[in-house]
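Because the structure is predicted, anything quoted here is derived from the model rather than measured.
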Amino acid sequence: FADFMTSMGTNFVNNIRDAEKTSMDGILGKASAREVVESVMTADQTLQTAMAFRDKIISAYLEVVKMPI
């Protein structure tokens, strides 16, 4: 589980960095608008996935806390 979480976090950071780099390349005229949009949409999808995963973990934690001992 720890390896999965580490790889997921690494992929998340890499997607965000790639989107930032492509956005800067777009500003400098080194990347097309299509490339910028694709990388930003990939980063957004990654962020949405991470938020949904976080919400599920929090929900599961709250359910465990509510259980009688």
Side-chain angles (χ1 to χ4, degrees):
F1 183 74
D3 291 337
F4 171 74
M5 293 301 294
T6 302
S7 69
M8 187 171 142
T10 301
N11 288 338
F12 173 74
V13 170
N14 289 339
N15 282 345
I16 299 298
R17 284 186 183 157
D18 289 345
E20 288 176 350
K21 183 183 179 308
T22 306
S23 296
M24 288 304 292
D25 287 347
I27 290 171
L28 297 173
K30 297 178 183 177
S32 68
R34 180 177 180 221
E35 292 171 331
V36 172
V37 169
E38 286 177 356
S39 67
V40 170
M41 288 182 72
T42 300
D44 182 52
Q45 184 179 17
T46 301
L47 179 61
Q48 295 296 325
T49 302
M51 289 173 47
F53 190 71
R54 179 207 62 192
D55 292 344
K56 290 291 185 179
I57 290 174
I58 290 172
S59 176
Y61 172 76
L62 291 175
E63 287 297 318
V64 168
V65 170
K66 290 179 187 177
M67 288 182 182
I69 295 176

Give, for atom [atom1] of [X] and atom [atom2] of [Y], the distance between the pair rounded to the nearest 0.5 Å.
{"X": "N11", "Y": "I16", "atom1": "CG", "atom2": "CD1", "result": "11.5 Å"}
{"X": "Q48", "Y": "M41", "atom1": "CD", "atom2": "CE", "result": "11.5 Å"}
{"X": "T42", "Y": "N14", "atom1": "OG1", "atom2": "CG", "result": "13.0 Å"}

Matching residue for T22 among E38, R17, E35 - test: side chain to side chain contact (heavy atoms under 4.5 Å, CB included):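 Result for side chain to side chain contact (heavy atoms under 4.5 Å, CB included) with T22: E35.
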
Would you name the heavy atoms of A43 and N15 that are closest together and state the gap between them?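 Taking every non-hydrogen atom into account, CB-O, 4.1 Å.
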
Shortest non-hydrogen pair, V36 vs S39, comes out as O-OG, 3.0 Å

Hydrophobic cluster identity match, I57 and L47, side-chain contacts under 4.5 Å: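 The answer is no; the residues belong to distinct hydrophobic clusters.
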
Joint cluster assignment, Y61 & V64, ILVMFWY side-chain distance < 4.5 Å: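 No, no single cluster joins them.
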
Are the side chains of I27 and M24 in touch, meaning some heavy atoms are under 4.5 Å apart? yes

